[in-house]
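A short write-up of the structure that comes next.
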Amino acid sequence: MSIIYHPQQYRFADEANHDFICPDEIHTILREAVPTPQRVDEIIERALNKHRLSMYETAVLINADDEASVAKIKKAAHELKERVYGRRIVLFAPLYIGNRCVNNCAYCGFRADNRKQVRTTLNAEQIVDQVKCLEDAGHKRLILVYGEHPDYSPEFIADSVRTVYGVKHGKGEIRRVNINASPLDVAGFRTVKEAGIGTYQIFQETYHRPTYEAVHLSGKKRDYSWRLTALDRAQKAGIDDVGIGVLLGLYDWRFELLGLVRHVNHLEAVFNVGPHTISFPRIKEASGFSVDARYAVSDEEFARLVAILRLAVPYTGLILTAREPAALRDEVLQYGVSQIDGGTNIELGGYSKAAATQALEREQFTINDNRSLNEVMDELVDKGFIPSFCTACYRTKRTGEHFMEFSVPGFIKRFCQPNAILTLAEYLEDYAPESTREKGYRLIDKNLETYPHDAFKDRLMDRLARIKGGERDLYF
Ligand code: SAM
Ligand code: SF4
């Protein structure tokens, strides 16, 4: 195995050595990282020059909490995002497949002891119904979510993934299915990989082991190490596209941020590929919910931590979900979020219901952004973001796409932006109301002006014309 980052600074772990998260190391770094203005400026400069930050450098930014430094960090995160990712935002939707669960996570409405929760597992027919609704809204990328239960075996998960890929409804199809499911063994990961999953996503929830043990009251999920090493097993099974995350509000967010960076370092050191995405959900009210509010993360801290993460891991996708209200989502989009969900409904079977209401006894937690996909699209277009449903890299086996966006010169201009434009055009043709269509095409025209008149632009214009003429699924 080769090591690509800061080899002098980390203890390397493989599957024989699981404790790559060392709390003493994290606490010491947090204590010793003194944020002098000069140091902060130097670190920001390094990040803007596309250097990955070390844990120590990340901790300096975390500790730089005076107004001037926070403003500088946010400004730099915005600049880096514009420079690295351009103005594309990838859109997806979650689809909850089943809420049966053998675990007792204190924060989750699905936990086994919550008798109020109505338990449902979608059968194939119900999955098809939900996917038709999502396709009718214009979605192309889904993440399937499962509780942890013997019913949700790797074969069951793989079958549900295949069912989703099989739904071709009207002009719609789902082109990328990611999953968020409890940790599997290597054979289990192989089974779900064969079904063609995009990303396997799993959140450690908290990297702080004592807190982890305090909030995971019973069930298989109590085993911190089994969860921490899930992605090592996924990699071993050939799944090299993985997502990590923490549930903010269980422990000090500063510790969690360094835990995330440490986990990235581990994956890069051992497998030569970091995570594709990082998620950082804040805990929300849930049915039967019981969590100490001591570590609640304020809106201001949340915005700061997104900006710090952007600078720390510039080529990792950052995911923000409808747990957060629209106004805050709009703010942190500026600091480096690259993927959001739209038109989200987390009630089991909720996409086929007439009204988007929240029924906590049928859901995992409360969401705070109930906008339809088209409302989210409208908002993004109004702000000059290009909503993207692109799945080209995954389908052409250009894996490590975020790394390429970041490091391959011209990649965004030749692949990501044109593909965003093409998938937006498909949406405008097939699903958008007239008002969205008009402003969407104005945005496309404005972006096309940034391309020089050459052979590439001719190809792009040709594909755009073919989409307007009824062809679909054209990409670079
Ligand atoms: N059961 C699988 C597991 O625990 O790994 C699937 C994950 S769960 C259905 C998806 C994620 O939702 C969890 O990993 C957790 O981070 C998050 N979650 C759980 N309860 C939450 C709450 N009350 N507020 C916000 N997010 C929550
Ligand atoms: Fe079950 Fe996952 Fe909820 Fe825990 S977070 S109770 S494992 S669904």
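All ligand and atom numbering here is 1-based and tracks the order in the structure.
When each atom of ligand 1 is checked for a heavy atom of K221 under 4.0 Å away, the hits are 3 (C), 4 (O). Each of the atoms 24 (N), 25 (C) of ligand 1 lies under 4.0 Å from some heavy atom of I283. The C108 neighbourhood of ligand 1 comprises atoms 20 (N), with distances under 4.0 Å to a heavy atom of that residue. Listed by atom number, the atoms of ligand 2 under 4.0 Å from F110 heavy atoms are 3 (Fe), 8 (S). Proximity to G147 (heavy-atom distance under 4.0 Å) selects the following atoms of ligand 2: 8 (S). Contact atoms of ligand 2 toward R111: 6 (S) (distance under 4.0 Å to a heavy atom of the residue). Using a 4.0 Å cut-off to heavy atoms of G147, the atoms of ligand 1 that qualify are 1 (N). Near V145, with a cut-off below 4.0 Å to any heavy atom, the atoms of ligand 1 are 9 (C).
Here C101 meets the criterion, with an N, O or S atom under 2.8 Å of atom 1 (Fe) of ligand 2. Atom 3 (Fe) of ligand 2 lies under 2.8 Å from an N, O or S atom belonging to C108.
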>> Under the criterion ring pair (Phe, Tyr, Trp, His ring centres under 6.0 Å), I'd like the reasoning laid out for Y335 against H78: C-alpha separation, chi angles, the key distance, then a yes or no.
In response: CA-CA 5 Å; Y335 306 142; H78 178 63; 7.4 Å; no

> Could you go step by step and tell me if D129 and S352 meet the side chain to side chain donor-acceptor pair (under 3.5 Å) rule?
Replying inline: CA-CA 7 Å; D129 278 351; S352 49; 5.8 Å; no

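The line from CG of L318 to CD1 of I278 is 6.0 Å long, rounded to the nearest 0.5 Å. Rounded to the nearest 0.5 angstrom, L424 CG and F385 CZ are separated by 14.0 Å.
Y251 and H208 have parallel rings, their planes meeting at less than 30° on a 0 to 90° scale where 60° marks the start of perpendicular.
Contact annotation: for Y107 versus ligand 1, heavy atoms closer than 4.0 Å belong to both the backbone and the side chain. Looking at K221 against ligand 2, only its side chain comes within 4.0 Å, counting heavy atoms. Residue contacts with ligand 1 for R227 involve side-chain atoms from C-beta outward but no N, CA, C or O (heavy atoms, distance under 4.0 Å).
A side-chain donor-acceptor contact under 3.5 Å links R282 to the backbone of V297. When atom types are taken as modelled, the side chain of Y200 and the backbone of A181 share a donor-acceptor pair closer than 3.5 angstrom. Put simply, the side chain of Y224 gets close to the backbone of Y207: a donor and an acceptor are under 3.5 Å apart.
Given atom 16 (O) of ligand 1, the protein heavy atom at minimum distance is E205 OE1, 2.6 Å. Nearest protein heavy-atom neighbour of atom 24 (N) of ligand 1: K284 N, 2.9 Å. Protein heavy atom in closest approach to atom 2 (C) of ligand 1: Y146 O, 3.3 Å. Of the protein's heavy atoms, C105 SG, 2.2 Å lies nearest to atom 4 (Fe) of ligand 2. If you check which protein heavy atom lies closest to atom 18 (N) of ligand 1, you get Q364 NE2, 3.7 Å. Summary of contacts: the protein heavy atom closest to atom 12 (O) of ligand 1 is R323 NH2, 3.2 Å. Looking only at protein heavy atoms, the nearest one to atom 27 (C) of ligand 1 is F365 CD2, 3.5 Å. For atom 7 (C) of ligand 1, the closest heavy atom belonging to the protein is N180 OD1, 3.1 Å. Looking only at heavy atoms of the protein, atom 7 (S) of ligand 2 is closest to N103 ND2, 3.3 Å.
Between K221 and N103, the shortest heavy-atom contact is N-OD1, 3.1 Å. Taking all atoms of both residues into account, the shortest heavy-atom contact from R233 to D185 is NE-CA, 4.0 Å. Heavy atoms only, all atoms of each residue included: A64 and V70 are closest at O-CG2, 3.7 Å.
Using a 4.0 angstrom heavy-atom cutoff, E285 does not count as in contact with ligand 1.
Screening Y96, Y152, F289, Y146 for a ring pair (Phe, Tyr, Trp, His ring centres under 6.0 Å) involving F110 leaves a single residue, Y96. Of the residues listed (V164, I179, N178, D341), the one engaging L142 in a side chain to side chain contact (heavy atoms under 4.5 Å, CB included) is V164, and it is the only one.
For the pair R141 and F92, the cation-pi test (distance below 6.0 Å, angle within 45°) is failed.
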